[in-house]
Engineer: 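Encoded as structure tokens, here's the structure I'll be asking about.
Note that ligands are numbered from 1 as they come in the structure, with each ligand's atoms numbered from 1 the same way. As a basis for the values below, the full set of heavy atoms in this structure was taken, side chains included, without hydrogen atoms, waters or symmetry mates.
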Amino acid sequence: MSDETNREILENNTAVTAADGSYDASQIQVLEGLEAVRKRPGMYIGSTSASGLHHLVYEIVDNAIDEALAGFCDEVSVIIEADGTITVVDNGRGIPIDTQEQTGTSALEVVFTVLHAGGKFGGGGYKVSGGLHGVGASVVNALSEWLNVRVHRDGKIHEMRFSRGDIIQKITVVGDTDKSGTEVTFKPDNEIFDDCTFSYETLRTRMREQAFLNGGLRITVRDERDGHSAEDTMYYEGGIREFVSYINRNKTPLHENVIYLSEARETSTAEIALQYCGDVYNEFLLSFANNINTPDGGMHETGFKAALTRVLNDYGKKTNLLKGDDKLSGEDCREGVTAIISVRLMEAQFEGQTKSKLGNSEMRTFVDNLISDKLATFLEENPAVARAILDKALTASRAREAARKARENIRRKNALEGMSLPGKLADCNEGNPALTEIYIVEGDSAGGSAKGGRDSRFQAILPLWGKMLNVEKARADKVYGNEKLTPVITALGAGIGEDFDESKLRYHKVIIMADADVDGSHIRTLLLTFFFRFMRPLIEGGYVYAAQPPLFKLTRGKNIRWVLDDTELETALEEMRGEDGKGKVDITRNKGLGEMDAHELWDTTMNPETRTLKRIELTDALQADEVFTVLMGEKVEPRKEYIEKYAKYAINLDM
Ligand code: 28F
């Protein structure tokens, strides 16, 4: 509704009139309401950026999903039309078009012109879904250059058209139909949105989530823009059970079937789906209220966590799995769990800065009671599953306890006689860490020539032996006590995890020197993953480097030359062949550090004047971590995929 139209109406008092010709408060409310939306769109859809644009679609889809929740619709389609506009269709009853006596308007008109219309607030009572907290279709209408709605109902197709909230065509029968449902097409207003381009991927991802949350509802997303054509249909009979299975698809579940608990009450429902996995140590919890994701949690999550901890502890005590004063903490009970909590309620209160925390306290007791009753029963009826879950929680608890003790005794040791440096460490003379560097070398032979070649004034050598602990599978307690990693921790002197103290670092260059073969790449990946997971500031601070030993050895008679990589190979060859270019030069690939004597190692790889060091960025370590997780994780499938995908760039496997 444009401003002058409003002013004109208000001044001349001619009006948007109701059937009986009166001009009443409700019309003014409509005008002011939609005008307010256009003045401050961010108040209603969060922003006018891409996320606000896509919220327009979610609002309309939300109304269709309400119709599904009411039990009258089982298919929704979202189409990005060839011209970039959006159409949403449902096969529900169709919005009522009969005119209400007292207001002279139809429910159809109300839904698209009155703010907070459509039973989301008070009245209708059947809408419990959320959209952007129920601002309804009228906001979409106000922010659309045009919007058409077609209702298939009672054998006729009834159409109404709007522009920026103004009615430009009252309800008109435009055809016959043997179907029922509602179809809305709209073009976002480019006076409001700087970019009106919809993202298929964004819509598909959100619709997949909605299909999981509304089991049995078939949602189709289609892109008809030229060059984009795509179509996906999402349908999950099992609802949030299948959501959990989808999230766990690359993991190893502890128990075959997803645990599903639900309860329906007068004006609210709660559903929980959960499944533990043996090969993960973190918790994955997603919660929703009225189909809206609540990343900041709130009362439903609080109820879930409290009840889960209580039920597992009670079961542990009753079955004697928990001895004496053993007590599982909340995080012990949630280690390895994937859980989806979905609640629906009438007057959902969303709190916090980003309105993503559920405030209704009655939902805490509702979910708590649901879990306390039904999970306890499930455990009684499924002792094998219960046992597996308890064992996982118990292990987590003991590991946490061991980590605490290990941390304690490292602190005590530090406090008492300071860390005894590892026997294998060949330390340097310089005391100022800013001037010193430590080479972590794979294997004793390389370690030997590194010790021989180094400048002991400022270079320390720490030879590592054998394969590093597979930290992907280890919790903190294993790392603290591990005899292969402890030398690294004590040599660096800065501790690990939350104890890491950069000011205690004994060297400001930590150089990983490993062979350029797969073994070397393995030890480098393991070390980077260890640093990434337990000494992240070391990487963030730019202290970590990878030595770059020469890849090629050129030999002509007595003359030997080491070449860093293939970029320098050509020039080095020409120089060695001499002026006539006839000299025979042998090229061999450097098999490993052990091939070089101490002098060569110094000259090519350790001498600050002539060496090349690669500083490790966080991305390198992150990639190492991902490579590590895939290559070292339990699942064979992702590893196979990764190797197939990267095999042709063998070098990438070498990080
Ligand atoms: C593509 C978007 O908006 N679908 C909708 C309905 C159905 C009814 C309804 C909607 C009741 C009084 C507010 C039909 N028959 N899809 C949609 N489908 N709204 S929105 O009623 C409107 C509310 O005013 C409906 C009987 N009861 C309700």
Engineer: Can you list the atoms of ligand 1 that are under 4.0 Å from a heavy atom of Thr182?
Structural biologist: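 Heavy-atom distances to Thr182 below 4.0 Å select 1 (C), 4 (N), 5 (C), 16 (N), 17 (C), 18 (N).
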
Engineer: Which ligand 1 atoms does Val88 reach within 4.0 Å, using its non-hydrogen atoms?
Structural biologist: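 With Val88 as reference, the close atoms of ligand 1 come out as 1 (C).
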
Engineer: May I ask you to list the atoms of ligand 1 that are less than 4.0 angstrom from any heavy atom of Ile60?
Structural biologist: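 Once the distances to Ile60 are compared, the set is 1 (C), 2 (C).
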
Engineer: Over all heavy atoms of both residues, which pair between Ala211 and Leu217 is shortest? Give the atoms and the distance, please.
Structural biologist: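 It is CB-O, 4.3 Å.
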
Engineer: Under 3.5 Å, is there a donor-acceptor pair linking the side chains of Arg310 and Ser372?
Structural biologist: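 Short answer, yes.
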
Engineer: With heavy atoms of Glu67 as the reference, note each atom of ligand 1 found under 4.0 Å away.
Structural biologist: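 The atoms of ligand 1 under 4.0 Å from a heavy atom of Glu67 are 6 (C), 7 (C), 8 (C), 18 (N).
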
Engineer: I'd like to check which ligand 1 atoms, numbered from 1 as shown, lie under 4.0 Å from a non-hydrogen atom of Ala64.
Structural biologist: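 With Ala64 as reference, the close atoms of ligand 1 come out as 16 (N), 17 (C).
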
Engineer: Going by ring pair (Phe, Tyr, Trp, His ring centres under 6.0 Å), name the residues that satisfy it together with Phe288, two or more places apart in sequence or in a different chain.
Structural biologist: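 So Phe288 forms no ring pair (Phe, Tyr, Trp, His ring centres under 6.0 Å) with any residue.
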
Engineer: Which residue from Asp90, Val149, Val184, Asn63 reaches closest to atom 16 (N) of ligand 1 through any of its heavy atoms?
Structural biologist: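 The residue whose heavy atom sits nearest atom 16 (N) of ligand 1 is Asp90.
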
Engineer: Applying ring pair (Phe, Tyr, Trp, His ring centres under 6.0 Å), name anything that partners Phe378, two or more places apart in sequence or on another chain.
Structural biologist: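 Listed in chain order: nothing, the list is empty.
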
Engineer: Could you tell me whether the side chain of Glu283 and the main chain of Val337 form a donor-acceptor pair under 3.5 Å?
Structural biologist: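 Here the side-chain-to-backbone pair does not exist.
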
Engineer: Below 30° counts as parallel, above 60° as perpendicular, anything between as tilted: where do the rings of His55 and Tyr58 land?
Structural biologist: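 His55 vs Tyr58 ring planes: perpendicular.
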
Engineer: Taking non-hydrogen atoms only, is Glu59 closer than 4.0 angstrom to ligand 1 via side chain, backbone, both or neither?
Structural biologist: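 Contact part for Glu59 vs ligand 1: neither.
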
Engineer: Against ligand 1, does Val110 come closer than 4.0 Å with any heavy atom?
Structural biologist: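 Under 4.0 Å: no for Val110.
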
Engineer: Within a distance under 4.0 Å of any heavy atom of Arg153, pick out the atoms of ligand 1 and give their elements.
Structural biologist: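 Counting from 1, the qualifying ligand atoms are 14 (C), 15 (N).
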
Engineer: So is Gly94 close enough to ligand 1, meaning a heavy atom under 4.0 angstrom away?
Structural biologist: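 Distance cut 4.0 Å: Gly94 passes for ligand 1.
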
Engineer: Considering distance alone, does some N or O of Glu183 sit under 3.5 Å from an N or O of ligand 1?
Structural biologist: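 Min N/O separation from ligand 1 is not below 3.5 Å for Glu183.
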
Engineer: Could you check Glu183, Glu159, His158 and say which one makes a side chain to side chain donor-acceptor pair (under 3.5 Å) with Arg150?
Structural biologist: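 Exactly one pass, corresponding to Glu159.
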
Engineer: Just say parallel, tilted or perpendicular for the rings of Phe198 and Phe186, cut-offs at 30° and 60°.
Structural biologist: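 Phe198 vs Phe186 ring planes: perpendicular.
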
Engineer: Strictly under 4.0 Å, does any heavy atom of Pro96 approach an atom of ligand 1?
Structural biologist: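 Yes, Pro96 has heavy atoms under 4.0 Å from ligand 1.
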
